[in-house]
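In each ligand, atom 1 is the first atom listed, and ligand 1 is the first ligand listed.
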Amino acid sequence: MRELRSLTAVAPGILFVEGPASNWTVFHGRSHVELVDCGYPADRPLVEESIRSTGLDASALRRIIVTHGHSDHLGAARDFSEGSGVEVLAAESELPNVRREITEQVTVADLLPVALRRGTIPWAVAAIRAGGLGDVGVPSAQAIVGEAIELSTGHRLEVVPTPGHTTGHACFFEPDAEVLITGDALVTGHALLADAGELQRLPTFFHHDAAGAEASARRLSLCDARWVLPGHGPALRL
Ligand SMILES: [Zn+2]
């Protein structure tokens, strides 16, 4: 059974959710909710559970902003969007991947060279069961306009382009709460990484452009951040 690993209220109206295998952040105001990422497709009930824990429900969801178009971050965004008009946003250069006009995602063939590494096969089976190979594209996804996003919850997200993991991968910084959402540019854990809790990069084969991912991770400034909320692994308080 899929279960939430942890819920962390990092600042007023900002709830970090550690899902079964990937994470999302719930921004909540008096009557609106916006998400950054939303887990795997199979995590939809858990996304709704996490929203209910704020005292609101899924009908309050206005928008899903994704760090990138991988299926463990896009989750059920298309269902949310088609069912109730929830807007889905991504960096303009990530839109082809989010809409699945192209696919920048690790494939079964990419995994063959590392298939014998400890943990790879159980991780791959779990990812497939969670909908990781399903058609998760969101044709109606729209581009982020400008360098910051004003949320309906009163928060503001500065967009930090971090290409490499995918072409249009973006991190988001909330300056008032000093919260940096790093997606898959930097993580603190993953089934295929040994050191849980340490800030690190995902294994190279997960990146569309490994050199670009490394350069983006090096450029990413942590000095203004009080919290790092990664795409995988627990929240990190600096
Ligand atoms: Zn990813």
Side-chain angles (χ1 to χ4, degrees), residues 5 16-25 35-43 47 64-78 88-111 114 119-120 123-138 141 144 159-172 180-193 196 199-217 219-220 228-236:
R5 285 173 186 254
F16 174 69
V17 184
E18 203 186 344
S22 58
N23 305 330
W24 58 92
T25 303
L35 296 174
V36 172
D37 291 343
C38 57
Y40 272 105
D43 292 333
V47 170
I64 300 169
I65 301 156
V66 292
T67 55
H68 64 297
H70 282 166
S71 56
D72 51 338
H73 298 259
L74 261 183
R78 188 177 61 198
V88 178
L89 279 193
E92 185 160 22
S93 49
E94 188 66 7
L95 277 186
N97 195 31
V98 169
R99 293 173 174 162
R100 284 299 183 271
E101 294 157 3
I102 61 162
T103 302
E104 290 180 1
Q105 171 121 27
V106 68
T107 64
V108 173
D110 294 328
L111 289 173
V114 295
T120 301
W123 169 80
V125 169
I128 291 166
R129 282 200 182 134
L133 290 183
D135 176 15
V136 295
V138 186
I144 295 167
V159 183
V160 185
T162 36
H165 180 68
T166 57
T167 297
H169 186 286
C171 297
F172 301 103
L180 179 65
I181 298 173
T182 56
D184 283 359
L186 283 173
V187 302
T188 59
H190 189 278
L192 301 184
L193 288 172
L199 207 53
Q200 58 198 300
R201 291 194 298 277
L202 282 167
T204 305
F205 62 85
F206 278 118
H207 302 306
H208 179 68
D209 165 15
E214 186 174 339
S216 282
R219 268 199 314 270
L220 199 53
V228 175
L229 308 183
H232 302 270
L236 187 68

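- When distances from the Zn ion (ligand 1) to the N, O or S atoms of H70 are compared, ND1 comes out shortest.
- With rounding to the nearest 0.5 Å, the separation of OH in Y40 from CG in D72 is 4.5 Å.
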Under the ring pair (Phe, Tyr, Trp, His ring centres under 6.0 Å) criterion, do H68 and H165 qualify, and how do the steps go?
CA-CA 9 Å; H68 64 297; H165 180 68; 4.7 Å; yes

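- When distances to the Zn ion (ligand 1) are checked against a cut-off of 2.8 Å, H73 contributes no N, O or S atom below that limit.
- R219 places none of its side-chain heavy atoms less than 4.5 Å from the side chain of T162.
- Residues W123 and H190 place their aromatic rings such that the two centres sit under 6.0 Å apart.
- Take the Zn ion (ligand 1) as the corner point: the lines to NE2 of H165 and to OD2 of D184 open at 90°, to the nearest 10 degrees.
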